[in-house]
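Proteins get letters first, then strands, A, B, ... in listed order; numbering begins at 1 in each.
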Amino acid sequence: MSQKFAAPKGVSEYLPPKSNVFDRIIQTLKVPALAAGYELIELPIFEDTELFTRGVGASTDVVTKEMYTFEDRGGRSLTLRPEGTAGVIRAVIEHGLDRGSLPVKLFYQGPFFRAERPQAGRYRQFYQFGIEAIGSNDPYLDAEVISIAYQGYRKLGLKDFELQITSLGDSESRAAHRKDLDAFIAGLNLDEETRTRALKNPLRLFDDKREEISSSMSKAPLLLDYLNSESRENFEAVKSALDSLEISYVVNPRMVRGLDYYTGTTFEFVHNGLGAQSGIGGGGRYDGLMELLGGSKLSGIGFGLGIDRILLALEAEAQSGQLLPGELKYIDLYVIALGDEARSKCFTLVDSLRKEGFVVEQNFGDRSLKGAMKAADKSGARFAIVLGDSELQSGSVELKQMSNGEQTSVRLTSLAKTLAEKSSGL
RNA sequence: GUGGGCGUAGCUCAGCUGGUAGAGCACCCGGUUGUGGUCCGGGAUGUCGCGGGUUCAAGCCCCGUCGCUCACCCCA
């Protein structure tokens, strides 16, 4: 009895050729981060459960109903990471990274886990690329962080997205607003569940898509109107820094983020071509997180970008039949051997060309020349050679350019040189 | 957790008021001796998601179940 296995529910998987695009996305997003001096931090996939309940916030849905939590053999409660920031902060504190020069600038990339009901752009295992800058509250740093995400998207060719920003202010500003917002919500007719949620974090109601709730929230007091002078000046400084980089944005005073640690500048990138899950990335400042997790009182800011959703966004923006960035695999040369003797010669030839840096594929098994040529064509190789008895005799091959069928006779000894010359001309 | 849609070849799907399985794409081979992309010919591939029921007969009807998907809650 053979059982057919399937991947667990709701996970995202990437197979060729789409996996090439997936890889390209990550490589591309890294470029602006590296250019700004951010360095890789590679962290465990699972952490102490309490890191998330405390860091992300016990009131959040992420913590209350979406965590993959399990006990290890020593009875410790562990959780598959639902987001990246808490782990980064933990590592910074644990290893004293904040004792060096500030801000500490880090980037990470990898899988994250939330046990939600899957839908378009929402998976139980999903991928994020993120950066964190810890130890400075300079508004220019906020703008730098935002610009790194922005540049990453643009480098990938994305256009149809919008940057939304707001400020959640400092604790004084939030307290003043909370008082009025609570009073306002108390006057609304809400179902039990929603009311409970509002008690934990009333801002969440701004994000509710149900018609009756969004319409009644339209008159709710906005946090942005309660910012004290310091918070307001800070927000203005961030905005003008973005202006100076010609990064356009819209201020969305109703924006809500899912994690409780955000303060001050908060932002989200929203794509217009996606379904309900339109946020392709977001982040913000977190003033109290470091201290909350047992570290020094340093502010930080960062973002997480959803690789899966960026891929969906690229697909949404692509014209039909258009290739996505990185989708086509690149091959310099396809080598076809005819006969046993040639086969053995080709095998070492391919090896040496690869060592010189060329991307080379060879045909395997007994195929007709026609079939092998067809495979060469489909591989996307720019050039092909056929090596059989006569080539072994003469010591030269016909180097065929696949795009136009042109063949040039080349000595085997100068194949690499000619290939390099011809390739650079393309 | 709640609600809608869908489950037929590797992929996208067709299958009329039930009569016992098809197309396109992809794949492999060939169109006389060692050269691809077009064209022509040939070929392999399905327990029609699974279980039960109705019927002489079910991919089509009924019940259940599993899965996928979209949306809500929530969120990258």
Report yes or no: does A:R54 contribute a side-chain atom to a donor-acceptor pair with the main-chain N or O of A:L292 at less than 3.5 Å?
yes
Can you tell me how far C1' in B:rG67 sits from the matching atom in B:rC48, rounded to whole Å?
16 Å
A:K9 side-chain N/O to B:rC68 phosphate OP1/OP2 under 4.0 Å
yes
Against the side chain of A:D308, the closest entry in B:rA76, B:rG34, B:rC72 is B:rA76
Watson-Crick or G-U wobble mate for B:rG51, both contacts under 3.5 Å:
B:rC63
Does A:K378 have a side-chain nitrogen or oxygen under 4.0 Å from the phosphate oxygens OP1 or OP2 of B:rC27?
yes
Could you work out the separation of B:rU54 and B:rC70 based on their C1' atoms and round it to a whole Å?
33 Å
Measure CG/A:L311 against P/B:rA76 and give the value in whole Å, please.
19 Å
Geometric class of the A:Y153/A:F161 ring pair [parallel <30°, tilted 30-60°, perpendicular >60°]
tilted
Write down the distance between NZ (A:K370) and P (B:rU32), rounded to a whole number of angstrom.
8 Å
Could you please name the partner base of B:rA21, counting Watson-Crick and G-U wobble pairs only when both distances are under 3.5 Å?
none
For A:D61 and B:rC75, what is the distance between atoms CG and P respectively, to the nearest whole Å?
6 Å
When the distance from CD of A:E361 to C1' of B:rG36 is rounded to whole Å, what number comes out?
15 Å
For A:S390, report the nucleic acid contact type (base, sugar-phosphate, nothing); a contact means any heavy atom under 4.0 Å.
base
By nearest atom, which of the nucleotides B:rA76, B:rC28, B:rG34 is closest to the A:L338 side chain?
B:rG34
Ignoring the backbone of A:R114, work out which of B:rA71, B:rC75, B:rU35 is nearest its side chain.
B:rC75
Go ahead and name the base partner of B:rU38; Watson-Crick or wobble counts if both distances stay under 3.5 Å, otherwise write none.
none
Given B:rC72, B:rA71, B:rC75, identify the nucleotide with an atom nearest to the side chain of A:V62.
B:rC75
Side chains of A:T60 and A:D260, donor plus acceptor under 3.5 Å
no
Rounding to an integer number of angstrom, what distance separates B:rC16 and B:rG22 when you compare their P atoms?
14 Å
Examine B:rA76: is either OP1 or OP2 under 4.0 Å from a nitrogen or oxygen in the side chain of A:Q128? Give yes or no.
no
Rounded to whole angstroms, how far apart are CD on A:Q277 and P on B:rC73?
9 Å
Between B:rA44 and B:rU12, how far apart are the two P atoms, rounded to whole Å?
24 Å
Using whole Å, what does the distance between atom C1' of nucleotide B:rG34 and atom CD1 of A:I385 come to?
14 Å
Please work out if A:D389 contacts a base, only the sugar-phosphate, or nothing of the nucleic acid, heavy-atom cut-off 4.0 Å.
base
Ring-face cation contact, A:F206 with A:R254, 6.0 Å cut, 45° max
no
Side chain to side chain contact (heavy atoms under 4.5 Å, CB included) with A:D142: of A:V238, A:N137, A:L242, A:T266, only one passes, and it is A:V238
Distance-only criterion, 3.5 Å: show the donor-acceptor pairs between side-chain atoms of residues 24-42 of chain A and protein atoms not counting sequence neighbours.
unit_1	atom_1	unit_2	atom_2	d
A:Q27	NE2	A:D23	OD1	3.4
A:T28	OG1	A:R24	O	2.7
A:Y38	OH	A:E144	OE2	3.0

Should the side chain of A:E391 and the base of B:rG34 be counted as holding a donor-acceptor pair, with the cut-off at 3.5 Å?
yes
Base-pairing mate for B:rC72 - Watson-Crick or G-U, with both contacts under 3.5 Å:
B:rG1
Across every strand shown, the nucleotide meeting Watson-Crick or G-U wobble geometry with B:rA26 (both distances under 3.5 Å) is none
Pick base, sugar-phosphate or nothing for A:R204, based on heavy-atom distances below 4.0 Å to the nucleic acid.
sugar-phosphate
Partner lookup for B:rC16, please. Criteria are Watson-Crick or G-U wobble with both distances under 3.5 angstrom; report none if nothing qualifies.
none
May I ask you to verify if any side-chain N or O of A:K400 is less than 4.0 angstrom from the OP1 or OP2 atom of B:rG34?
no
Could you please name the option among B:rG37, B:rG1, B:rA76 that lies closest to any side-chain atom of A:R117?
B:rG1
Nearest-neighbour nucleotide for the A:S368 side chain, B:rA76, B:rG30, B:rU35 considered
B:rG30
Is the closest side-chain heavy-atom distance between A:F269 and A:F303 below 4.5 Å?
no
By the 4.0 Å heavy-atom rule, please label A:F112 as base, sugar-phosphate, or nothing.
nothing
N/O (side chain, A:T194) to phosphate O (OP1/OP2, B:rC73) under 4.0 Å:
no
Specify the separation, in whole Å, of atom CZ of A:R257 and atom C1' of B:rA76.
8 Å
Nearest to side-chain heavy atoms of A:D208, which nucleotide of B:rU2, B:rC73, B:rC75:
B:rC73
Just the rounded figure in Å: distance from C1' of B:rU35 to CE of A:M402.
9 Å
Watson-Crick or G-U wobble mate for B:rA44, both contacts under 3.5 Å:
none
So if I take every side-chain heavy atom of A:L369 and compare against B:rA76, B:rU35, B:rA71, which nucleotide ends up nearest?
B:rU35
With respect to the phosphate group of B:rC72, does any side-chain polar atom (N or O) of A:Q119 fall under 4.0 Å of OP1 or OP2?
yes
